[in-house]
Amino acid sequence: IAVMEHVPEEFLPAVIREMARTCRRGLHGVDFGHGDDGFDKTHCTLRPREFWLQEFAHHAPGWPVEILDKEELERGVLPQEVLMGDGKVKLEIGSFTTMTPFGWINIDIHDLAAFAEPNNYRYVRHDVRQGLPFQTGSVDCIHENHFFEHLSYKDGLNHLRECRRVLKPQTGAMRIAVPDAKLLARSYLYSTGDRIDDVDDKTHWCDLAEFAEISDGVEQAPTAAAKLWELLFSGHQAAYDAETLLHFLKEAGFDARVSGLHSVASDFTGHSGLRQIIRETNDTHPCLSLLVDAIPAVG
């Protein structure tokens with residue numbers, strides 16, 4: 001759903017042939033560009049359904065494929081348990097339009113009702129700098145996906161204290177994803193050709209140009225330093241490495257650990273709340289994320 005319109009037209013033959021090589025059939029929900037408002041600037045191939053039928057027939061003749069308007073697939077009937085969840089209180093804070101189903105309450109300062117309602121998302125418009133509108137010890141899970149860095153350090157600490165207040169003390173859990181300042185700083189040095197001889201693991205370093213899809217600002221920045229600025233600070237109020245984020249979480253009353261991948265929990269062995277967060281949420285920028293898991297410190 002909503003993939004093919006992001007593929008530049010010159011790459012479509014190779015993409016279509018590879019899909020036909022690896023898959024027994026295809027079902028594609030494509031944005032045909034009807035009434036496109038230009039908000040998503042990564043749309044590069046907005047063509048009518050007839051175009052797509054011709055492309056697939058030409059580059060993968062005989063391959064069974066269905067092509068629908070993406071809106072048709074997104075309006076599909078979902079099971080009630082997917083929409084309403086399991087009765088737990090789960091907060092997706094700073095969701096913007098990357099909202100989470102399964103009964104999660106998506107919270108954002110922007111007015112997103114026109115997006116949330118037709119897609120059956122639970123949504124609350126709220127400025128979390130004013131606190132969280134939930135009773136003490138009433139929340140099961142909190143997930144924040146590239147939101148926390150939009151708060152200043154002062155507001156961020158106050159917000160974490162609010163998260164600690166509303167989470168259930170014994171079973172509550174929280175996962176935060178932010179841009180990893182240390183990873184990006186090292187990638188900056190890698191991009192400029194500098195060496196860091198005292199660091200052995202360079203497997204996660206890359207040229208900052210590889211993050212061009214993150215935003216227009218990163219793509220258009222002419223130098224590595226300008227790209228680093230766009231990734232760390234443009235629109236953000238704070239930058240975090242593991243040491244800094246763990247410090248603020250400890251100050252707010254959490255026991256916190258760094259996690260590796262989105263699908264892997266930290267060493268809070270067997271914590272059901274964290275397992276649920278991992279199962280039901282997504283990290284939109286895993287290539288540059290620092291993931292930290294936190295549970296309320298008790299005692």
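Position 1 is the first residue of the sequence; numbering continues from there.
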Would you say the side-chain atoms of [X] pair up with the backbone N or O of [Y], donor to acceptor, closer than 3.5 Å?
X: W52; Y: L68; result: no
X: R165; Y: G131; result: no
X: R125; Y: I109; result: yes
X: N119; Y: Y121; result: no
X: S152; Y: Q237; result: no

Flag if over 12 foreign heavy atoms under 6.0 Å of [atom1], [X]:
X: H43; atom1: NE2; answer: yes
X: E10; atom1: CD; answer: yes
X: W229; atom1: CH2; answer: no

Atom of [X], atom of [Y] and distance for their closest heavy-atom approach:
X: H236; Y: L231; value: CE1-O, 3.5 Å
X: T171; Y: H271; value: O-CE1, 3.2 Å
X: T192; Y: A224; value: CG2-CB, 3.9 Å
X: A181; Y: L232; value: CA-CD2, 3.7 Å
X: C44; Y: P8; value: SG-N, 3.4 Å
X: C163; Y: F254; value: C-CZ, 4.0 Å

Hey, what do you get for [atom1] ([X]) to [atom2] ([Y]), rounding to the nearest 0.5 Å?
X: E210; Y: S187; atom1: CD; atom2: OG; value: 8.5 Å
X: L183; Y: C287; atom1: CG; atom2: SG; value: 8.5 Å
X: H159; Y: L151; atom1: NE2; atom2: CG; value: 6.0 Å
X: H34; Y: L46; atom1: NE2; atom2: CG; value: 10.0 Å
X: R186; Y: L208; atom1: CZ; atom2: CG; value: 14.0 Å
X: T22; Y: R17; atom1: OG1; atom2: CZ; value: 13.0 Å

Quick one, [X] and [Y] - any side-chain contact, counting heavy atoms below 4.5 Å?
X: K90; Y: E280; value: yes
X: K227; Y: E219; value: no
X: Y188; Y: L184; value: no
X: E230; Y: F211; value: no
X: H146; Y: S289; value: yes
X: M99; Y: R122; value: no
X: I1; Y: V30; value: no
X: E251; Y: L157; value: yes

Quick one about [Y] and [X] (side-chain donor to acceptor, distance below 3.5 Å, no hydrogens or angles considered), yes or no?
X: Q276; Y: D140; value: no
X: H150; Y: E144; value: no
X: S259; Y: R175; value: yes
X: E92; Y: T100; value: yes

In terms of the angle between their ring planes, are F248 and Y153 parallel, tilted or perpendicular, with boundaries placed at 30° and 60°?
parallel
Test side chain to side chain contact (heavy atoms under 4.5 Å, CB included) on L12 and M4 and set out the steps.
CA-CA 8 Å; L12 286 177; M4 297 303 293; 3.8 Å; yes
Does R47 pair with E9 as a salt bridge, N-O distance under 4.0 Å?
yes
Hey, are D127 and R129 close enough for a salt bridge, meaning a charged N less than 4.0 Å from a carboxylate O?
yes
Determine, using the 4.5 Å side-chain heavy-atom cutoff (strictly less than), whether F11 and V65 are members of one ILVMFWY cluster.
yes
Membership question, hydrophobic clusters at under 4.5 Å side-chain separation (ILVMFWY): are L27 and V3 in the same one?
no
Compute the ring centroids of F56 and H28, then answer whether they are less than 6.0 Å apart.
yes
Could you tell me if the ring centre of F96 sits under 6.0 Å from that of F147?
no
L91 vs V139, side chain to side chain contact (heavy atoms under 4.5 Å, CB included): CA-CA, chis, key distance, verdict:
CA-CA 8 Å; L91 310 181; V139 173; 3.9 Å; yes
Stepwise, does the ring pair (Phe, Tyr, Trp, His ring centres under 6.0 Å) test hold for F148 with Y240?
CA-CA 10 Å; F148 188 62; Y240 291 95; 5.1 Å; yes
With I176, which of L160, L291, I142 fulfils side chain to side chain contact (heavy atoms under 4.5 Å, CB included)?
L160
N145: which of T98, T281, T284 passes side-chain hydrogen bond (donor to acceptor under 3.5 Å, both in side chains)
T284
Apply side chain to side chain contact (heavy atoms under 4.5 Å, CB included) to residues E162 and V128 and explain how you reach the verdict.
CA-CA 9 Å; E162 269 292 278; V128 299; over 6 Å; no
V258 vs L246, test: side chain to side chain contact (heavy atoms under 4.5 Å, CB included). Steps then yes/no.
CA-CA 8 Å; V258 174; L246 290 172; 3.9 Å; yes
